[in-house]
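Here the structure is laid out as structure tokens; the discussion comes afterwards.
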Amino acid sequence: MDTQKLSAVASAIVSHAKGVLAADESSPTIKKRFDSIDVESTEPTRRRYREILFTTEGIEQEIGGVILFDETIRQSTLDGVPFPKLLAERGIVPGIKVDRGARALACYPGEKVTEGLDGLRDRLVEYRELGAGFAKWRAVIEIDEHDAPSPFGIRANAHALARYAALCQEEGLVPIVEPEVLMDGGHGIERCEEVTSRVLEAVFSELDAHRVLFEGMLLKPNMVIAGKQCFRQNSPEEVAEATIRCLNRYVPAAVPGIVFLSGGQKAEEATANLNAMNKMGRRPWEVSFSYGRALQAPVLAAWKGQESNVAAAQQALKKRARLNGLAREGKYSPAMEAEA
Ligand code: 13P
């Protein structure tokens, strides 16, 4: 295993003000996003949309990596430049979603486990040849009003994440390890902290047992945040304090970066929360973003599938990238949202 290369790539993705653009929506998910703006999801419309994202001028200042979907990593710009090549030439590391989605966990009603380990080694070899420098695997943990997630559900997901991460490193790809505790539900921030703590503890214990090199991976967790239906929502400072406390307890200092998912937070909210965490001062790891919806929602709203809106769509992406870059340094303020 080339440990130096793995740790250099992991660190490059989160260097300076950089974070990750998650553009790895599966075909059903991108269809949902396109439905919201009345655009039909076809291979050409998906290709065009991703081309608009990846050719946005200047995003390489804040975007260190882009996560692609299987279809996207094989697509090219209209003039024939493969997307992974286009990104790499701009100094952005191309990555690939390799899990095959969360399915019902047998005998544990309501819980899920992520599938995709069978044949993964061969798929990783192919993705590396297509230009990927890192991979992503998402585990989904749901909080309910009773006892879920169960300790077994957490362990099953942590085990799969660790097997994936070890395979990635063996094949020379940096694993992004994503255990997502969902924001769905009426639970308060305390319950989210309790569950996130149990999840992170299990994930790092399994990663360690699988001999994963912490220096050569990135963690993509949820923020510690109240459920969407909870009557009491917290300030960015409260979210930052609970999240950093939880990460301090369970994430080894050897991990180079934390790249949060946005998980359904509004774009401005995800930026403000990231900013509040970075305002708390330096941590052993870079505290950054790997947002899907919080980077792309304003882009989709501006684009609406119209060629005449491409400039506005790219401006919207550049703006979110810039503001999240500032949040990486604790220099964002909500007043900046009104600026162009
Ligand atoms: P969101 O930021 O929209 O949660 O997406 C991030 C992601 O990659 C989910 O797997």
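Atoms within a ligand are numbered from 1 in the order they appear, just like the ligands themselves. Please read all numbers here as calculations on a predicted model, not as lab measurements.
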| query | Can you list the ligand 1 atoms lying under 4.0 Å from a non-hydrogen atom of Ser262? | reply | 1 (P), 2 (O), 3 (O), 4 (O)

| task | For the pair Glu43 and Arg47, find out whether any cationic side-chain nitrogen is under 4.0 Å from an anionic carboxylate oxygen. | result | no

| task | Please verify whether a non-hydrogen atom of Lys136 lies at under 4.0 Å from ligand 1. | result | yes

| How are the rings of Phe83 and Phe54 set relative to one another: parallel (under 30°), tilted (30 to 60°) or perpendicular (over 60°)? | perpendicular

| request: For Ala22, take its heavy atoms, then give the atoms of ligand 1 lying under 4.0 Å from any of them. | output: 8 (O)

| field | Gly263 near ligand 1 by a heavy-atom separation under 4.0 Å | value | yes

| Pair Arg293-Ser262, side-chain donor/acceptor within less than 3.5 Å | no

| query | Using a distance-only test with no angle check, is there a side-chain donor-acceptor pair under 3.5 angstrom linking Glu111 and Ser150? | reply | yes

| field | Distance flag, aromatic centroids of Phe204 and Tyr250, threshold under 6.0 Å | value | no

| field | Polar contact flag for Gly292 and ligand 1 (N/O pairs, less than 3.5 Å) | value | yes

| query | Looking only at side chains, do Asn324 and Thr271 share a donor and an acceptor under 3.5 Å apart? | reply | yes

| Looking only at heavy atoms, is any part of Lys97 under 4.0 Å from ligand 1, and if so is it the side chain, the backbone, or both, or is it neither? | neither

| field | Closest protein heavy atom to atom 9 (C) of ligand 1, given as residue, atom name and distance to 0.1 Å | value | Glu178 OE2, 3.3 Å

| said: Considering both backbone and side-chain atoms of Lys220, is one of its nitrogen or oxygen atoms within less than 3.5 Å of a nitrogen or oxygen in ligand 1? | reply: yes

| query | Does any N or O atom in Arg293 lie less than 3.5 angstrom from one in ligand 1, N or O only? | reply | yes

| request: Could you give me the CA-CA distance, side-chain angles and deciding distance for Tyr332 and Glu268, then say whether side-chain hydrogen bond (donor to acceptor under 3.5 Å, both in side chains) is met? | output: CA-CA 10 Å; Tyr332 162 83; Glu268 298 81 1; over 6 Å; no

| request: Give yes or no for whether the N/O distance cutoff of 3.5 Å, strictly under, is met between Tyr291 and ligand 1. | output: no

